[in-house]
There are 2 protein chains.
Amino acid sequence: MAEKKEVLARQVPCQLCPLRKLDIFRPFTPEELDFVSQFKTGEVKVKAGDPLFLEGANCAHLYTLLSGLAFRYKLLPDGRRQILNYCTPGDFLGLQGSVMQEMQHSVEALSDMVLCVFQREGLWRLFESHAGLSFDVTWLAARSEQILDQQLLSVGRRSALERCAHLLLHLLDRLAELGMTSSRATVSIPITQQHIADTLGLSLVHTNRTLGRLMREGAIRWREKEFEILDRSRLAELASEEGALTGATRPLL
Amino acid sequence: MAEKKEVLARQVPCQLCPLRKLDIFRPFTPEELDFVSQFKTGEVKVKAGDPLFLEGANCAHLYTLLSGLAFRYKLLPDGRRQILNYCTPGDFLGLQGSVMQEMQHSVEALSDMVLCVFQREGLWRLFESHAGLSFDVTWLAARSEQILDQQLLSVGRRSALERCAHLLLHLLDRLAELGMTSSRATVSIPITQQHIADTLGLSLVHTNRTLGRLMREGAIRWREKEFEILDRSRLAELASEEGALTGATRPLL
DNA sequence: CGCGACCTTGAGTAGGCTCAATGCCGGTGG
DNA sequence: CCACCGGCATTGAGCCTACTCAAGGTCGCG
């Protein structure tokens with residue numbers, strides 16, 4: 001309990017992984033499931049607010065996020081923070097650290113998380129023995145690059161109002177496909193306005209005012225770290241959408 | 001000549017590829033070189049200003065940039081453009097298009113380019129038969145994600161002056177490791193201030209003034225699509241550097 | 001010689017920033 | 001039970017960075 005990361009004995013066998021039931025994840029062959037099962041060395045819990053990775057560290061592990069949410073970020077020497085993206089269940093974390101020498105960004109838990117743990121060396125065995133899974137790893141890397149591209153477009157070229165609208169829609173969509181939204185379009189996500197500001201490259205105050213505008217317009221509701229999209233089409237219009245991400249089924253390691 | 005893309009018969013065998021001599025690229029085994037050689041189906045030339053990919057297209061090819069420069073970008077419906085990053089020789093282009101359904105960004109040549117062409121299906125054979133090369137593809141994907149992370153940090157959290165300084169240093173470093181700089185720190189790169197503006201999320205006018213400041217400070221010189229870093233340490237200081245990219249040797253496909 | 005592409009510069013505006021204060025919890029210790 | 005404190009949202013005021021509009025200026029090219 002005093003530990004930041006609580007290491008657990010292996011819990012759920014991959015074959016029974018509840019995430020895998022979602023139909024956004026591509027079905028794995030029994031053989032693949034076997035491999036992943038032994039690739040996985042355990043589980044770990046991280047408490048909300050705790051770090052999973054710290055920039056500059058050389059982490060020996062890879063993770064698949066099983067439950068909970070997190071975010072990736074970078075800091076400038078004087079403390080300015082840029083949130084790069086959000087991590088949702090099914091995301092494969094730590095690839096950069098395994099593939100390059102060290103992690104160039106940090107990851108922090110937004111809510112309590114459970115993660116599958118893999119050893120760095122296991123990744124190499126994965127590449128040697130499973131072309132399909134290797135391709136999946138690459139697929140996941142390409143996907144997160146796409147998300148980053150979108151985010152960069154937003155931060156670089158959209159107005160504050162557009163950015164907010166776009167981000168909320170993006171989060172809604174990502175959580176919806178995981179079944180993490182309540183009825184309607186209500187997203188429960190433990191972020192503060194400071195997180196949003198740091199994601200969008202805005203100041204806290206201005207973020208607050210911009211969200212206020214969206215609320216007064218009746219496009220969203222925001223209360224207690226939970227927001228609801230009331231008028232999706234209005235929001236999409238405000239966001240200057242550029243075409244959504246592919247909804248293709250994805251791999252889950 | 002009337003063609004946008006000029007397809008050439010196979011020219012240089014990979015074993016003799018001049019790029020491969022650079023010591024930033026990891027040495028390949030003869031066996032790997034053989035495979036890459038037959039993976040490569042030809043070469044293509046693209047003229048400065050011409051597109052290599054267009055967003056939304058479903059491209060059947062993958063490329064390795066042999067010579068010349070390009071940039072990746074996205075557009076908003078109303079025409080605002082965000083340049084995502086620059087492509088330099090050795091970069092592997094089109095992975096997103098091969099791995100996902102379609103390309104979510106465009107690529108345009110900055111200067112005349114020569115590229116190696118690979119078939120999309122060849123990538124699958126690569127994964128099946130060459131774990132090392134598969135790993136390399138993933139490595140390259142992870143690296144471009146890192147570069148994007150940096151860029152996002154810049155656009156989101158740095159001031160105009162910091163962004164300019166950071167970008168110039170970044171370009172200098174990337175071109176220097178390829179031996180594409182002249183003596184000293186002179187970078188010859190055919191970009192306009194509009195490119196810089198679209199990279200940094202700034203307006204053209206403000207970019208001009210900011211570069212002007214850097215020039216008046218004596219940190220850089222800019223003339224005719226070519227700039228020179230006169231005072232690297234000053235520039236680094238202005239850039240609020242966050243730690244450079246790994247200089248590790250990289251794969252070249 | 002005129003035109004197009006690009007760089008410069010001026011002037012005025014505004015979107016977004018900082019500083020600062022207030023209000024609203026929920027948790028904690030006295 | 002209550003007072004206090006810390007984290008977060010909100011709001012006002014004033015400022016400044018960066019944007020827009022608008023004119024040139026330079027250079028290369030047909």
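Just so we're clear, the structure is a prediction, and the values are computed from it rather than from any experiment. Order of the sequence lines sets the chain letters (A, B, ...), proteins ahead of strands, with each chain counted from 1.
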Under 30°, 30 to 60°, or over 60°: which ring-plane class applies to Tyr73(A) and Phe71(A), parallel, tilted or perpendicular?
tilted
Taking only side-chain nitrogens and oxygens of Asn208(A), does any of them come within less than 4.0 Å of OP1 or OP2 of dA9(D)?
no
Does Thr210(B) reach a base, just sugar-phosphate, or nothing at all? Heavy atoms under 4.0 Å.
nothing
Go through Leu52(A) and Leu115(A) one step at a time and tell me if the side-chain contact (heavy atoms from CB on, under 4.5 Å) criterion holds.
CA-CA 10 Å; Leu52(A) 175 63; Leu115(A) 306 106; 3.8 Å; yes
Round to a whole Å and report the spacing from CD1 of Ile196(B) to P of dC6(C).
13 Å
How close or far is atom P of dC17(C) from atom CG of Asp78(A), stated in whole angstroms?
15 Å
Select base, sugar-phosphate, or nothing to describe what Leu202(B) touches, counting heavy atoms under 4.0 Å on all strands.
sugar-phosphate
According to a strict under-4.0 Å criterion, is Gln193(A) in side-chain N/O contact with OP1 or OP2 of dT10(D)?
yes
Over how many whole Å does the gap from Arg163(B) atom CZ to dT17(D) atom C1' extend?
10 Å
Of the nucleotides dC7(C), dC8(D), dA22(D), which one has an atom closest to the side chain of Val205(B)?
dA22(D)
Quick check: do Val187(B) and Glu226(B) have side-chain heavy atoms less than 4.5 Å from each other?
no
Counting the atoms with a prime plus P, OP1 and OP2 as sugar-phosphate, which does Ser203(B) contact under 4.0 Å by heavy atoms, base, sugar-phosphate, or nothing?
base
CG of Leu204(A) versus P of dT10(D): gap in Å, rounded?
10 Å
How close or far is atom P of dA14(C) from atom NE2 of His206(A), stated in whole angstroms?
14 Å
Donor-acceptor pair under 3.5 Å: do we get one between Arg209(B)'s side chain and the base of dG10(C)?
yes
Send over the distance from Lys225(B) NZ to dG28(D) P, rounded to a whole Å.
12 Å
Quick one: CD on Glu43(B) to SG on Cys116(B), what's the gap to the nearest 0.5 Å?
5.5 Å
Show your reasoning for whether ring pair (Phe, Tyr, Trp, His ring centres under 6.0 Å) applies to Phe53(B) and Tyr63(B).
CA-CA 11 Å; Phe53(B) 295 128; Tyr63(B) 303 93; 5.6 Å; yes
Whole angstroms only, please: what is the CD-P distance between Gln194(B) and dT8(C)?
14 Å
Just checking Gly49(A): base, sugar-phosphate only, or nothing, at a heavy-atom cut-off of under 4.0 Å?
nothing
Rounded to whole Å, the CZ-P distance (Arg213(A) to dA14(C)) equals 14 Å
